[in-house]
Amino acid sequence: MLDTTQLLILGVIAALGYVVFNGYGSRHDPREPPMVTSGIPIVGHMFGMLRHGVGHWGNQAKKHPQHPIIGLDMLFTKFYVISSPDLMQAVQRNSKTISFEPLLLFGAKNISGISDPKTLDILKGTESGGQGLGAKIMHSMTPTLVGKSLDQMNIRMVQLMRPFIDRMGETSTVDLYEWCRDATMAASTDATYGPLNPYKEREIQDAWWDFENGLGPLMANTLPWLTARKPWKGREKVAKAILKYLQANGAENASDLTAVRLKESTEGGLTMEEYSQLEVGMLIAFVSNTIPAMFWCLFDIYSRPQLLDELRKEVEGNALSVAADGTHNIDLAAIRESCPLLISTFQEVLRTRSNSSPTRLVTTDTLLADKYLLKAGNTVNMPSIPIGQRPDVWGKTAGEFDERRFMKPAQSNDQSGDKKDSRRAGGFLTFGLSPTVCPGRHFASSEILLVVAMVILRYDLAPVGGVWKEPRKDTTSMVSITGPVLDKFPVNATPRKEYEGAEWDFHVEEGKGQFPLVIG
Ligand code: HEM
Ligand SMILES: *[C@@H]1O[C@H](CO)[C@@H](O)[C@H](O)[C@H]1NC(C)=O
Ligand SMILES: *[C@@H]1O[C@H](CO)[C@@H](O)[C@H](O)[C@H]1NC(C)=O
């Protein structure tokens, strides 16, 4: 049952606080949150994490509903697990001493494999005595993932996406998960890197997946060329391809997103080789959550025939237009503005399927909400499973799938008044918790919603075997919170008679475009 990957993941988790902060969390202080055990002290939690990955935090919080915060002792460090919105807000108020930024250095070192101490110092946060370049690079991306820059990326993205959808009905069966993966990978990387996109080569994509799938052992970063050979080789190969791309001036015609990252990195003192290494890890943020989210959207819609029917009508009525030459266009702005059921369904899929757990590091001893002492070097986790399903936040139906949950009361034709608080923020953590909220959420939403809108209009999907039975999820993934799938999921895609012979396209214009999404 236990394999080396999982053991290494465990090592990574156990050492996280120590490595990032360089100090052991000291023993228990009575003002700290109550420590809970899981069977055998300490080891019980380790086994829990091996079996359930980050899901263990949520499971523990659910087991102790009387405590808004609990502590899990992991020997070298402690996890403080929060399950109350009030304490979450207290964490937000203390974002100087309970901070996301130290975790960026862990990414550069253990995920991207940056090892030069001088470079690590440049990347390290100013609060830890570094120059703070890691955070600067991250923050520089935010303005390039909204507005005009985002629209330009979307325009490129759909050009790559459409041929994948055209081909969906050409083979007798399609592995729906693999399809989401290949389409997202091709479209996202092209939109980001432009015409010389290094991931155009299948070989480079495959090498990247070797890296992503083997991240557990790679992150331990102990002689990785021996202990994690496949992901290490994958990372080397992709980094080389990115370097080649830079040398060919590929960034000249790339997105603003790539341009600002390159600019900040080189101005901050990184070499091209180091920048290329960081880029390999960066792609995790761009694709590892979008792919499973796209899959579960299609799964949850197609497995509910009535919802599928309603969504088809909404998209047909509000976001589809037929041009003079007969081309059927799906319009992104119209999806944003006039397809509330689709947008609400998307968020409900994320609420019910994702397993996010915003994580922060305590950098200075902090008294949380005047009550709980959080000691420096330990980690704070806010698992979405208990928080995203609390009846006091989400109402009586918190545990059910309600595709209208995120609609404004006037849109949802629900007169009971029970819906009033259902869009309340503070319980929706799929995109993180401010001040660290996913800046890519509008790009991800455009990508997923355009695909879903076109696929549902054009195809009937039927799983091979006839039933929409959930494939197994990879619960041990360290990087994806949206439920990556282990099994194949073959479907038959049949073009719908309604649109026989029709040509299709997307209509994406430069405009103001952002999605009205709820964030935590
Ligand atoms: C459904 C898809 C996605 C989900 C669920 C998601 C979720 C998240 C979450 C939970 C965080 C961390 C916040 C925290 O720990 O509090 C995050 C950070 C981030 N995401 Fe996403 N993400 C998605 C897609 C994307 C895409 C497509 C991009 C880029 C094009 C992107 C770029 C980023 C970046 C750069 C950060 C780091 C932000 C920072 O350090 O300030 N994400 N995302
Ligand atoms: C990160 O890498 C260092 C070596 O650079 C290693 O000693 C450490 O165990 C790794 N950290 C984690 C959390 O695995
Ligand atoms: C960028 O685009 C311009 C205009 O299309 C073209 O002339 C130039 O060669 C491109 N640069 C690279 C490196 O591909």
Side-chain angles (χ1 to χ4, degrees), residues 8-20 76-77 91-92 95 99-101 103-111 113-115 117 120 134-142 144-145 150 153 157 184 187-189 191-192 194-196 216-224 245-255 257-258 261 282-294 296-297 346-347 349-350 353-360 381-382 384 429-448 478-483 517 519-520:
L8 281 160
I9 289 174
L10 186 68
V12 169
I13 294 162
L16 188 69
Y18 171 66
V19 170
V20 177
F76 293 118
T77 187
V91 168
Q92 291 176 293
S95 62
S99 164
F100 176 75
E101 293 192 358
L103 301 171
L104 291 175
L105 191 71
F106 169 78
K109 196 167 151 184
N110 292 57
I111 295 180
I114 302 276
S115 57
L120 288 169
K136 217 168 141 199
I137 296 173
M138 280 295 171
H139 297 156
S140 72
M141 293 162 60
T142 306
T144 69
L145 283 163
L150 170 67
M153 269 180 49
M157 181 265 292
T184 302
S188 310
T189 56
T192 311
L196 297 189
L218 188 66
M219 262 155 66
N221 206 15
T222 320
L223 310 178
Y245 158 86
L246 293 173
Q247 286 161 347
N249 235 344
E252 188 177 293
N253 293 330
S255 62
L257 179 66
T258 293
R261 270 207 318 276
M282 201 60 203
L283 197 67
I284 294 170
F286 297 179
V287 301
S288 296
N289 284 315
T290 306
I291 294 164
M294 185 183 285
W296 289 113
C297 274
F346 169 58
Q347 294 185 92
V349 171
L350 295 178
R353 293 284 180 189
S354 72
N355 181 17
S356 77
S357 193
T359 297
R360 307 285 186 259
N381 307 94
M382 295 159 278
S384 67
L429 295 176
T430 304
F431 291 114
L433 178 72
S434 54
T436 307
V437 174
C438 174
R441 63 193 185 281
H442 300 291
F443 182 68
S445 308
S446 314
E447 201 165 21
I448 294 170
M478 293 298 291
V479 290
S480 182
I481 55 162
T482 50
L517 301 172
I519 53 170

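When a ligand or atom number is given, it counts from 1 through the structure's own listing order.
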Original post:
Has ligand 1 got any nitrogen or oxygen that is less than 3.5 angstrom from a nitrogen or oxygen of Thr290?
Top reply: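 The answer is no, given that Thr290 and ligand 1 share no N or O pair closer than 3.5 Å.
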Subject >> Geometric N/O contact Arg360 with ligand 1, under 3.5 angstrom >> reply: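 Between Arg360 and ligand 1 (N or O atoms, distance only) the closest approach is under 3.5 Å.
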Which ligand 1 atoms does [X] reach within 4.0 Å, using its non-hydrogen atoms?
X	answer
Leu433	16 (O)
Met282	35 (C)
Phe100	15 (O), 40 (O)

Flag side-chain contact, heavy atom, 4.5 Å: [X] against [Y]:
X	Y	answer
Arg353	Thr482	no
Leu257	Leu145	yes
Met138	Glu101	no
Arg261	Thr144	no

Does ligand 3 have any N/O atom under 3.5 Å from a protein N/O, and what are those pairs and their distances?
unit_1: ligand 3; atom_1: 2 (O); unit_2: Asn253; atom_2: OD1; d: 3.2
unit_1: ligand 3; atom_1: 2 (O); unit_2: Asn253; atom_2: ND2; d: 2.3
unit_1: ligand 3; atom_1: 11 (N); unit_2: Glu252; atom_2: OE2; d: 3.1
unit_1: ligand 3; atom_1: 11 (N); unit_2: Asn253; atom_2: ND2; d: 3.0

Original post:
Under 3.5 Å between some N or O of ligand 2 and some N or O of Lys109?
Top reply: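 Such a contact does not occur with ligand 2.
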Original post:
Is there at least one pair of N or O atoms, one from Thr222 and one from ligand 2, spaced under 3.5 Å apart?
Top reply: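 No.
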**OP:** Measure Leu145 to ligand 1 on non-hydrogen atoms and call it side chain, backbone, both or neither using the 4.0 Å cut-off.
**Re:**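 The answer is the side chain.
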Subject >> Residue part near ligand 1, for Glu447, under 4.0 Å between non-hydrogen atoms >> reply: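 For Glu447, no heavy atom sits under 4.0 Å from ligand 1.
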Subject >> Any Met294 heavy atom less than 4.0 Å from ligand 1 >> reply: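 Met294: no contact with ligand 1 (<4.0 Å).
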**OP:** Mind checking ring pair (Phe, Tyr, Trp, His ring centres under 6.0 Å) for Phe443 and listing every partner two or more places apart, or none if nothing turns up?
**Re:**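 Phe443 satisfies ring pair (Phe, Tyr, Trp, His ring centres under 6.0 Å) with no other residue.
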Original post:
With a cut-off of 2.8 Å, which protein N/O/S atoms are close to atom 21 (Fe) of ligand 1, if we only count those under it?
Top reply: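 Hits for atom 21 (Fe) of ligand 1 below 2.8 Å: Cys438 SG.
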Original post:
Taking atom 7 (C) of ligand 1 as the point of reference, which of Thr430, Ile291, Thr482 owns the nearest heavy atom?
Top reply: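 Ranked by closest heavy atom to atom 7 (C) of ligand 1, first place is Thr430.
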Subject >> Nearest candidate to atom 16 (O) of ligand 1, where distance is taken over non-hydrogen atoms, out of Thr359, Thr436, Val349 >> reply: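 Nearest heavy atom to atom 16 (O) of ligand 1 lies in Thr436.
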Subject >> Part of Asn221 with heavy atoms under 4.0 Å of ligand 2, whether side chain, backbone, both or neither >> reply: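 Under 4.0 Å from ligand 2, Asn221 contributes backbone and side-chain atoms.
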**OP:** Please list, chain by chain and in numerical order, all residues satisfying side-chain hydrogen bond (donor to acceptor under 3.5 Å, both in side chains) with Asn381, sequence neighbours excluded.
**Re:**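 In terms of side-chain hydrogen bond (donor to acceptor under 3.5 Å, both in side chains), with neighbours along the sequence ignored, Asn381 is linked to Thr359.
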Original post:
So, the side chain of Ser356 versus the backbone of Leu429: is there a donor-acceptor pair under 3.5 Å, distance only?
Top reply: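 Pair found, side chain donor or acceptor close to backbone of Leu429.
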Original post:
Considering only protein heavy atoms, which is closest to atom 37 (C) of ligand 1, and at what distance to one decimal place?
Top reply: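 Atom 37 (C) of ligand 1 sits closest to the protein heavy atom Met138 SD, 3.7 Å.
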Original post:
What residue and atom, counting heavy atoms only, is the protein's closest point to atom 35 (C) of ligand 1, and at what distance?
Top reply: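 Answer, as residue, atom name and distance: Met141 CE, 3.4 Å.
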Original post:
Would a 4.0 Å cut-off, counted as strictly less than, catch a protein heavy atom around atom 29 (C) of ligand 1?
Top reply: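 Neighbour list for atom 29 (C) of ligand 1 includes protein heavy atoms (cut-off 4.0 Å).
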